[in-house]
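Contents: one structure, followed by commentary.
Note that the structure is a prediction, hence the values are computed from the model and not measured. Lettering follows sequence order; numbering is per chain, from 1.
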Amino acid sequence: MKYEWKDNGLIIEQADNFEPAQVFDCGQCFRWVHEEDGYTGIIDDRVVKVNKRGEDILIENVPKEMTDDVLHYFDIDRNYNGIKEELRSDAYLRKAMEYGNGLRILNQEPFECLISYIVSANNRIPQIKRVVDNLSSMYGKQTEHRGKVYYAFPTPNALADAQVCDVQNSRCGFRADYICDAAKRVAWGDLDLDSLRERDYLTAKAELMKVKGIGPKVADCILLYSLQKYEAFPVDVWVNRVMTDIYIHQKMSLKRVGEFARDRFGRSAGFAQLYLFYYYRNNRGITEDDGSID
DNA sequence: TTCCAGGCGAAGA
DNA sequence: TCTTCGCATGGA
């Protein structure tokens, strides 16, 4: 996609496959907030606002030297039409992709992603957002934009120094132990998240699952949403429902559902997962004709 | 009150 | 390898 840097912001021109409401509310990220002047989030400690104007996407408050980081965060260089072409032989996915036409997978900061998905275990999305927000205001760097105070997500060091009993004040419940343990591993260098990008999918997943609180589903989310492993296919309750209803038609372990999906959707399984999750979760009552697949 | 949520770890079969 | 159960919290 073409872009232009102007007036301390980026204009992504003719941005097809980018609908802010879908991107930020599809459940992949937990800190973007819909405010009166657009979606507000924090990238590299900087408050950023995103709006759609006509066919263009406006990303405000981006200094020129941050251009590459921001383009990468929003996955601007990826050919989503090519991915859709790859997946469109599947009738149900065609419907899902039509419904979530403007979805894209963000490249989130790996540590924030890791902690957020540890928080997600056996939790609801509004509660996950609340806890991640609490952790940020308790341990994150304060910043200001247009007279309003925001907090960046805490660094590994900041969370590693925290006491478990204090972290519990974020209302994270039994996950406080996991959060502190994971933060220490990252802060102390036992777990090098960036290096996992260079590993193959299965090796990186096994490495993540050594951390307490990270099982197969959480590991897949971290790999897909922050480490560019697009063969990852997180199987949660919703994805299990849609895979069982539409493709498998019998009870199967979550592990086997994931294997089935990776086999069916291949290197773009992660994108398929996002379209399926978004469509199925927002259209719980599927109709009969939805069930037909090629 | 009771149930359940973008699961996971531990224990037992 | 698979199944079962408990887990903090809070909304329905």
Please list, by residue number, the residues of residues 200-236 of chain A whose heavy atoms come closer than 4.0 Å to an atom of DNA chain C; answer none if no residue qualifies. none
Donor-acceptor list for residues 177-187 of chain A side chains, cut-off 3.5 Å, not counting sequence neighbours:
residue, atom, partner, partner atom, Å
A/R185, NH2, A/K210, O, 3.4

Pairwise salt bridge (Lys or Arg N to Asp or Glu O under 4.0 Å) hits with a residue in residues 128-152 of chain A, at least two apart: A/R31-A/D133, A/E35-A/K148, A/D37-A/R146, A/D45-A/K141, A/E60-A/R146
Pair listing, salt bridge (Lys or Arg N to Asp or Glu O under 4.0 Å) test, anchored in residues 101-122 of chain A, at least two apart: none
Using links of under 4.5 Å between side-chain heavy atoms of ILVMFWY residues, direct or through other members, which residues join [X] in one cluster?
X      : result
A/V164 : none
A/W5   : A/M1, A/Y3, A/L10, A/I12, A/F18, A/V23, A/F24, A/W32, A/Y39, A/I43, A/V48, A/V50, A/I57, A/I59, A/V62, A/M66, A/V70, A/L71, A/Y73, A/F74, A/I76, A/L106
A/V47  : A/I42, A/Y150

Interface with DNA chain B, restricted to residues 266-277 of chain A and to heavy atoms under 4.0 Å: A/Q273, A/F277
Would you list the atom pairs, donor with acceptor, under 3.5 Å between side chains in residues 252-263 of chain A and any protein atom, with sequence neighbours excluded?
residue, atom, partner, partner atom, Å
A/S253, OG, A/R256, N, 3.2
A/R262, NH1, A/Y201, OH, 3.2

In B/S/- notation, 5' to 3', how is nucleotides 6-12 of chain C contacted by protein heavy atoms closer than 4.0 Å? -BBSBB-
Please tell me whether A/V119 and A/Y151 are part of a single hydrophobic cluster in this structure, the criterion being side-chain heavy atoms less than 4.5 Å apart. no
Could you list the protein-to-nucleotides 2-5 of chain C atom pairs, N/O on both sides, closer than 3.5 Å?
none

Atom pairs, N/O to N/O, protein against nucleotides 11-13 of chain B, distance under 3.5 Å?
none

